[in-house]
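Atoms within a ligand are numbered from 1 in the order they appear, just like the ligands themselves. Only a predicted model underlies this, so the values are computations on that prediction, with no experimental measurement involved.
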Amino acid sequence: MKRSFIREILESITPNTISFAGGLPDESLFPSQDLRRSADRILNDPSTIQYSTSSGIPALRQQIADYYSQQGFETHADNILITSGSQQALDLLSRHYREQSITIESPSYLGAMGIFSINHLQTDAITLADNGIMIDPFFKSLQRTRLAYLIPDYQNPTGQTYSLEKRKTIASNLKQHDAILIEDAPYSDLYFDERQPPISTMVPDRSYHLGSFSKTLAPALRIGWIRASEELLHPLILYKEAMDLHTNSLTQYILHDYLHNQNQYTHHLERLRKHYAKKMKLFSEVLQTYLPTFLFEEPNGGMFIYGKLPGIDTTQLLQKTAARGVVFVPGNEFYQGGEGLNEIRFNFTHPSIDSMEKGIKTVAECL
Ligand SMILES: Cc1ncc(COP(=O)(O)O)c(C=O)c1O
């Protein structure tokens, strides 16, 4: 009942709704003109709209591999599988590990929990502490599952980042238990100050590192990837082939052309980080001014501010705010049990600066 109620509300969003609900980038920052120029250039060559290879176009795989190598994580094109967004990466992995057990964070990304459930993975949800998953219960769980799904950078939904110490401890325990890590990292390039190394750099042969251009460039490209050892990638390529033959090669070629000018992308990312850091600060100030009972910590990157309204059922609150044209996601949605009843996830990247104040004032009035 409750699930369908939330879905109904989120589906009722109109152009006039103030939405803090989705994980959407700011459209005003899409590099549309640069992408248009790339599209014009590549369409001169008819081979760009021909069938292509299942692993992805070699030149794009090489660019992604170089991006890792430049950051000290040595990677070859053969370690990259291009997917239709990182959601497809999760789908391929779920098929591969079908019906097995997997340790996940609690709360976690809705899209991952959905696909794990469809493929009958048995999830063991372990609470997130302030700087990452709670270590002792995580290790106990890992002994049993030997497979973990984590989002260590600006986690969805909590916005949390794992400390370096915790990353190291997790890596050593993955080795100790001969376990495999699925590290989902679509927000990693959206850091405000400094970044932590991926856990995968510490366990390169027992990890899948998932990336995406959805949050940094444009979700409609539908381009993500998996970085893993050739041995781990091989069975996934077979699933990929059976599923859709290959990821949209037109957008792969556009992206490859766009990335060819390295300064263009670097400059775009810098602009994005600066803009999002500013928007997060503004949103945080609006929350402190108009909704002072909302308890939260500012994230160091990503797209979400997550927190708690003690004593308030946030699903009921959403019912009221939605009637007045303002929506967010109640925390309860991101848990498998009945937890998170007082929690809320707010997206700060997509709403305009004007609508932040207007929307949060409405939430406060409904409260
Ligand atoms: C943690 C996480 N993983 C994966 C995805 C899927 O992103 P995409 O398929 O657009 O790359 C999202 C989207 O919100 C996400 O938050």
Side-chain angles (χ1 to χ4, degrees), residues 10 19-27 30 56 60 64 67 80-95 102-119 121 123 125 128 132-133 148-162 181-191 198-200 207-228 236 239-240 243-244 246-248 251-252 255 272 276 299-306 328-329 331 333-336 345-350:
L10 297 181
S19 174
F20 304 126
L24 275 60
D26 185 333
E27 273 148 45
F30 285 151
L60 179 63
I64 295 171
Y67 190 66
I80 304 292
L81 167 62
I82 306 283
T83 56
S84 296
S86 45
Q87 188 63 31
Q88 189 186 42
L90 292 169
D91 191 355
L92 296 169
L93 287 160
S94 298
R95 286 167 197 241
I102 185 165
T103 306
I104 66 168
E105 297 155 332
S106 179
S108 185
Y109 168 51
L110 267 176
M113 293 194 287
I115 199 75
F116 291 161
S117 161
I118 285 171
N119 284 297
L121 274 93
T123 49
L128 275 175
I133 202 159
Y149 168 69
L150 305 177
I151 313 164
D153 300 322
Y154 327 116
Q155 200 250 8
N156 182 2
T158 64
Q160 261 186 41
T161 308
Y162 284 41
L181 170 68
I182 300 171
E183 183 171 18
D184 194 4
Y187 303 99
S188 300
D189 278 326
L190 299 182
Y191 54 91
I199 299 173
S200 298
S207 61
Y208 303 92
H209 190 257
L210 275 46
S212 174
F213 287 99
S214 290
K215 311 295 177 178
T216 53
L217 214 49
L221 294 170
R222 302 311 301 135
I223 296 183
W225 70 88
I226 306 176
R227 186 243 174 254
L236 303 183
Y239 283 112
K240 168 81 182 157
M243 228 162 141
D244 64 358
H246 61 79
T247 296
N248 180 340
T251 57
Q252 288 188 70
L255 182 59
L272 210 59
Y276 286 170
N300 301 317
M303 293 190 159
F304 306 112
I305 289 185
Y306 195 83
F328 53 79
V329 186
E333 289 298 298
F334 305 106
Y335 291 88
Q336 291 181 325
R345 187 191 75 178
F346 288 116
N347 165 255
F348 60 82
T349 54
H350 189 254

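Using cut-offs of 30° and 60° on the angle between ring planes, the pair Tyr306 and Phe334 is perpendicular.
Contacts of Gln88 with ligand 1, taken as heavy-atom pairs under 4.0 Å, are absent altogether. At a heavy-atom cutoff of 4.0 Å, ligand 1 is contacted by both the backbone and the side chain of Ser86.
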Item to check | Evaluation steps, side-chain hydrogen bond (donor to acceptor under 3.5 Å, both in side chains), between Arg222 and Thr83 | outcome: CA-CA 8 Å; Arg222 302 311 301 135; Thr83 56; over 6 Å; no
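Ranking protein heavy atoms by distance to atom 2 (C) of ligand 1, first place goes to Asp184 OD2, 3.4 Å. Remark: minimum distance from atom 16 (O) of ligand 1 to any protein heavy atom is reached at Tyr187 OH, 2.6 Å. The closest protein non-hydrogen atom to atom 5 (C) of ligand 1 is Tyr109 OH, 3.4 Å. Regarding atom 10 (O) of ligand 1, its nearest protein heavy-atom neighbour is Ser214 OG, 2.6 Å. Among all non-hydrogen protein atoms, the one lying nearest atom 14 (O) of ligand 1 is Lys215 NZ, 2.9 Å.
The shortest N or O to N or O distance between Gln87 and ligand 1 is under 3.5 Å. In terms of polar-atom proximity, Arg222 is counted as a contact of ligand 1, with an N or O under 3.5 Å from an N or O of the ligand.
For the ring pair (Phe, Tyr, Trp, His ring centres under 6.0 Å) test with Trp225, the passing option among Phe213, Tyr208, Tyr67 is Phe213; the others fail.
Taking 4.5 Å as the limit, every side-chain heavy atom of Leu217 sits out of range of all side-chain heavy atoms of Ile223. A 4.5 Å side-chain heavy-atom check between Asn156 and Tyr187 finds at least one atom pair inside the cut-off.
Interatomic distance, Met303 CE to Lys215 NZ, rounded to the nearest 0.5 Å: 5.0 Å. Rounding to the nearest 0.5 Å gives a distance of 10.5 Å between CG of Asp91 and OH of Tyr239.
Closest heavy-atom contact between Pro299 and Gly159: CB-O, 3.7 Å.
Residue Ser212 approaches ligand 1 through these ligand atoms, each under 4.0 Å from one of its heavy atoms: 8 (P), 11 (O). Heavy-atom proximity to Pro186, at under 4.0 Å, picks out these atoms of ligand 1: 1 (C), 2 (C), 3 (N), 15 (C).
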